[in-house]
Amino acid sequence: MIYDGDCNFCKLWVHRWQHSIGDRLDYLPFQDPSVAARFPEVPHGQFETAVQLIEADGRVYGGAEAIFRALAHGPHGDWLLDWYEHSAIFARVTEWGYRVVAGHRGFFSSLTRLAWGRHLDPPTYNLARWAFLRSLGLIYLIAFVSLWVQILGLVGSNGIHPAYSAMGAMQLNADAAHLGLNRYHLVPTLCWFKTTDGFLTFQCAAGATLAVLLIIGLAPAPCLFLLWLIYLSLTTVCREFLSFQWDILLLETGFLAIFLAPLQLWPRLARAAPPSRLVLWLLRWLLFKLMFQSGCVKLLSGDLAWRKFTALTFHYETQPLPTWIGWYAHQLPAWAQWVCAAAMFAIELLVPFLIFAPRRPRQFACIVLVVFQALIFLTGNYCFFNLLTVALCLLLLDDAALKACLPATLRNSLCPAEPPQSGTPRDASLPDPQRSPLNRWKWPVQITVPLAAIAVVISLLQFSLMFRVPVPWPRPLLAVYEWLEPFRSFNSYGLFAVMTTSRSEIIIEGSDDGVAWRPYEFKYKPGDVKRRPRFVEPHQPRLDWQMWFAALGTYRQNPWLINCSVRLLQASPPVLALLERNPFPTAPPRYIRAMTYDYHFTDFATRRKTGAWWRRQEKGLYLPAFSLSEVR
């Protein structure tokens with residue numbers, strides 16, 4: 001390959017080709033005196049107008065064709081040459097584009113540096129994967145430990161919605177006696193084996209242990225598979241208590257991460273097989289889908305609060321579990337809330353497209369999305385959702401960008417060998433990374449390509465349903481989509497499609513005589529108006545969250561709430577452990593009921609005067625009073 005050695009633009013891209021193609025080609029600047037002597041058949045002026053590729057048989061190619069033929073010497077680079085040779089339109093367009101770039105190399109050199117920076121080497125993602133998998137392990141650990149301390153109160157034998165009764169209903173619906181092994185597909189849970197309290201806590205303990213092994217880096221692929229399997233098992237049996245967007249996001253992220261992990265027992269950072277670029281792009285596609293669909297559903301819902309950019313005037317006080325910083329955010333003037341809503345739409349609808357842009361715009365997208373998640377984290381308790389989204393954002397950075405963020409001591413211990421700088425030719429004595437024996441520990445394309453095809457096609461199907469585009473999808477594809485649905489690992493997303501403009505809170509009360517009523521105090525949801533909103537994330541108090549959703553409907557639509565009330569009448573220890581305060585410490589009440597109140601944030605003046613963070617007004621009866629004898 002003969003190129004212009006005085007052109008910085010040419011040197012940048014030749015350096016990149018050196019890393020992509022390896023030592024299969026020699027690269028010489030035409031200013032080298034030996035070039036004219038070695039290739040007298042090529043006029044010197046031809047070197048000045050375009051790069052020239054001189055094959056071993058003496059054939060000479062220039063311009064775009066020379067680039068495509070050079071790339072064809074590298075791995076997976078022959079498809080561009082195939083297009084060039086078989087499409088006259090593609091050949092003419094690319095040759096025209098080459099002439100435009102060659103004639104304005106100064107401009108395109110600046111554009112290259114703007115898009116890629118000074119680091120134009122082909123990016124590597126071993127460090128990015130290392131950070132992502134350990135972040136995912138930490139998130140799994142948080143998820144399992146958070147559920148572990150609640151699971152007996154939620155679905156234990158004396159819990160709100162016992163797993164054995166849920167499995168009994170599932171078995172009846174699935175007709176499991178006649179389906180055999182197919183029941184594990186229709187209702188994918190390990191609780192088909194047993195539903196005892198011990199087995200429920202064992203699943204949480206096993207998940208936490210596997211998460212620690214993933215953080216350590218031991219057998220990441222098997223650990224990720226088992227983590228996905230156990231979390232799927234628990235989401236299936238816990239039903240409404242584990243049906244949130246971050247639960248299915250964790251399942252989808254965890255499933256794709258299986259195929260990102262190296263197939264080694266203890267892969268060290270410097271000795272790990274490189275990650276699959278296809279799976280890396282699938283995880284970036286997941287991040288795009290999460291953010292873009294969240295913006296789309298707000299507009300497609302027809303909610304005027306979103307369309308007029310006034311939703312944030314309600315959001316901070318009506319979200320399920322606000323923080324005390326959310327109280328301050330609620331005090332912002334209307335114009336500031338309007339600006340914040342407009343910025344949110346820009347972040348959710350425009351910034352995601354930078355995920356697929358070159359290096360520097362992609363890094364910008366990472367910074368914006370991480371800051372966005374930090375603001376959400378500060379104003380509302382959303383479990384591990386923010387951490388999981390930030391973990392996905394790590395995959396927008398390559399190793400060079402991550403190294404620049406690390407302290408020098410950590411950078412030297414993790415990444416002792418720095419990549420060569422642009423303009424430095426690759427040492428031909430070093431092994432070609434494309435031929436590295438570590439590649440045998442990568443997932444084969446026979447698995448990753450079908451996975452990518454299924455994930456992308458299902459996503460397009462979900463987008464067509466979201467935008468109500470009548471696409472005649474083939475029946476076999478719809479059958480595949482329905483078959484995969486129980487595994488909750490290919491999902492669509494959309495947070496807060498319709499803004500809740502008022503906050504109703506359910507207050508459960510007990511009484512010994514049906515006259516004097518005493519309230520049960522929950523740990524985190526609003527109750528006492530003088531109690532400051534708390535930070536609880538990344539832990540999620542599942543019962544507190546479900547109480548917020550129950551207030552949007554009636555008690556008939558939420559039978560679990562009746563079960564919860566019955567357990568309070570029985571003084572069930574696991575259920576009482578989910579609450580902050582039991583007003584009947586010695587004996588359970590004879591009667592129980594639920595009232596609803598309208599809750600609103602106070603303002604600065606009221607809080608200074610009364611110390612109250614909330615003000616409330618009684619709305620009426622939610623659940624009529626009943627006793628345990630009436631249930632029986």
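Quantities reported herein were computed from a predicted structural model and do not represent experimental measurements. For reference, positions follow the sequence shown, starting with 1.
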Do other residues, nucleotides or ligands put more than 12 heavy atoms under 6.0 Å from Phe364 CZ?
-> no

Indicate the atoms forming the closest heavy-atom contact of Asp399 with Leu127, along with that distance.
-> OD1-N, 2.9 Å

How long is the span from the SG atom in Cys223 to the CG atom in Leu218, to the nearest 0.5 Å?
-> 6.0 Å

So, Ser135 side chain and Ala131 main chain: donor-acceptor pair closer than 3.5 Å or not?
-> yes

Non-hydrogen atoms of Trp266 and Arg268 that approach each other most closely | NE1-NH1, 2.8 Å

Considering only heavy atoms from C-beta outward, does the side chain of Asn158 approach that of Leu152 to under 4.5 Å?
-> no

Would you indicate whether the side-chain heavy atoms of Leu138 and Phe384 approach each other to under 4.5 Å?
-> no

pair Leu251-Tyr231: side-chain heavy atoms closer than 4.5 Å = yes

Polar side-chain atom of Ser489 near backbone of Phe487 as donor-acceptor pair, under 3.5 Å = yes

Within the distance-only criterion (no hydrogens, no angle test), does the side chain of Gln293 pair as donor or acceptor with the backbone N or O of Tyr493 below 3.5 angstrom?
-> yes

Lys298 side chain to Leu495 main-chain N or O, any donor-acceptor pair under 3.5 Å?
-> yes

Quick check: does any side chain N or O of Gln546 sit under 3.5 Å from a backbone N or O of Phe241, one acting as donor and the other as acceptor?
-> no

Cation-pi between Arg284 and Trp281: NZ/CZ under 6.0 Å from ring centre and within 45° of the ring axis?
-> yes

Would you call the rings of Phe463 and Phe288 parallel, tilted or perpendicular, where under 30° means parallel and over 60° means perpendicular?
-> tilted

Looking only at non-hydrogen atoms, find the nearest pair between Tyr140 and Gly254 and report the distance.
-> OH-CA, 3.5 Å

Nearest-0.5 Å distance that lies between atom CZ in Phe549 and atom CZ in Phe244 | 5.5 Å

ring-ring contact (aromatic ring centres under 6.0 Å, His included) between Phe255 and Phe490, intermediate numbers included | CA-CA 9 Å; Phe255 179 73; Phe490 298 93; 5.7 Å; yes

Calculate, to the nearest 0.5 Å, the distance between atoms CG and CD1 belonging to Leu387 and Ile139 respectively.
-> 5.5 Å

Give a yes or no answer on whether the side chain of Arg488 reaches the backbone of Thr235 with a donor-acceptor pair at less than 3.5 Å.
-> yes

Look at Asp544 together with Lys523 and state whether they make a salt bridge at an N to O cut-off of under 4.0 Å.
-> no

Indicate the ring-plane relationship of Trp545 and Tyr382, choosing parallel, tilted or perpendicular according to the 30° and 60° boundaries.
-> perpendicular

Heavy-atom distance under 4.5 Å between the side chains of Leu321 and Trp548, does that happen here?
-> no

Cys191/Leu200 under side-chain contact (heavy atoms from CB on, under 4.5 Å): CA gap, chis, key distance, verdict = CA-CA 8 Å; Cys191 288; Leu200 291 171; 3.9 Å; yes

Just by distance, do the side chain of Gln319 and the backbone of Thr379 share a donor-acceptor pair under 3.5 Å?
-> yes

Correct closest heavy-atom pair for Leu397 and Ala128 would be O-CB, 3.4 Å

Check Leu214, Leu250, Leu141 against Leu227 for a side-chain contact (heavy atoms from CB on, under 4.5 Å) and give me the one that passes.
-> Leu214

Evaluate the side-chain proximity of Thr236 to Leu190: yes if any heavy-atom separation is below 4.5 Å, no if none is.
-> no

CG/Leu226 to CD1/Ile258 distance, rounded to the nearest 0.5 angstrom?
-> 9.0 Å

Look only at the side chain of Glu482 and the backbone of Ala479, and say whether a donor-acceptor pair between them is shorter than 3.5 Å.
-> no

dist Asn491:CG -> Lys289:NZ (nearest 0.5 Å) comes out at 6.5 Å

The single option from Arg359, Lys403, Arg360 that satisfies salt bridge (charged side-chain N to carboxylate O under 4.0 Å, His left out) with Asp398 is Arg359

Closest non-hydrogen atom pair, Asn126 against Ala273 | ND2-O, 4.2 Å

Taking the side chain as C-beta and beyond, is there a heavy-atom pair between Pro358 and Trp116 under 4.5 Å?
-> yes

Phe356, CZ atom: more than 12 neighbouring heavy atoms under 6.0 Å = yes

Go through the steps to decide whether Asn381 and Tyr524 satisfy the test side-chain contact (heavy atoms from CB on, under 4.5 Å), and finish with yes or no.
-> CA-CA 10 Å; Asn381 290 286; Tyr524 303 104; over 6 Å; no

Report yes or no: does Thr389 contribute a side-chain atom to a donor-acceptor pair with the main-chain N or O of Phe385 at less than 3.5 Å?
-> yes

Nearest heavy-atom pair of Cys393 and Cys366: which atoms, and what distance?
-> O-SG, 3.4 Å

Yes or no on side-chain contact (heavy atoms from CB on, under 4.5 Å) for Thr323 and Leu378, after CA distance, side-chain angles and deciding distance?
-> CA-CA 7 Å; Thr323 66; Leu378 291 173; 5.7 Å; no

Judged by atom type as modelled, is there a donor-acceptor pair below 3.5 Å linking the side chain of Ser146 to the main-chain atoms of Gln540?
-> yes

Flag the pair Phe372 / Ile376 as yes when at least one side-chain heavy-atom distance between them is below 4.5 Å, and no otherwise.
-> yes

Kindly compute the distance separating CG (Leu80) from CG (Leu71), expressed to the nearest 0.5 Å.
-> 6.5 Å

Between Leu136 and Leu224, is any pair of side-chain heavy atoms under 4.5 Å apart?
-> yes

Please check if the distance between the ring centroids of Phe496 and His315 is under 6.0 Å.
-> yes

Are Phe259 and Leu278 close enough, and set up right, to give a side-chain contact (heavy atoms from CB on, under 4.5 Å), and what steps lead you there?
-> CA-CA 10 Å; Phe259 306 96; Leu278 195 55; over 6 Å; no

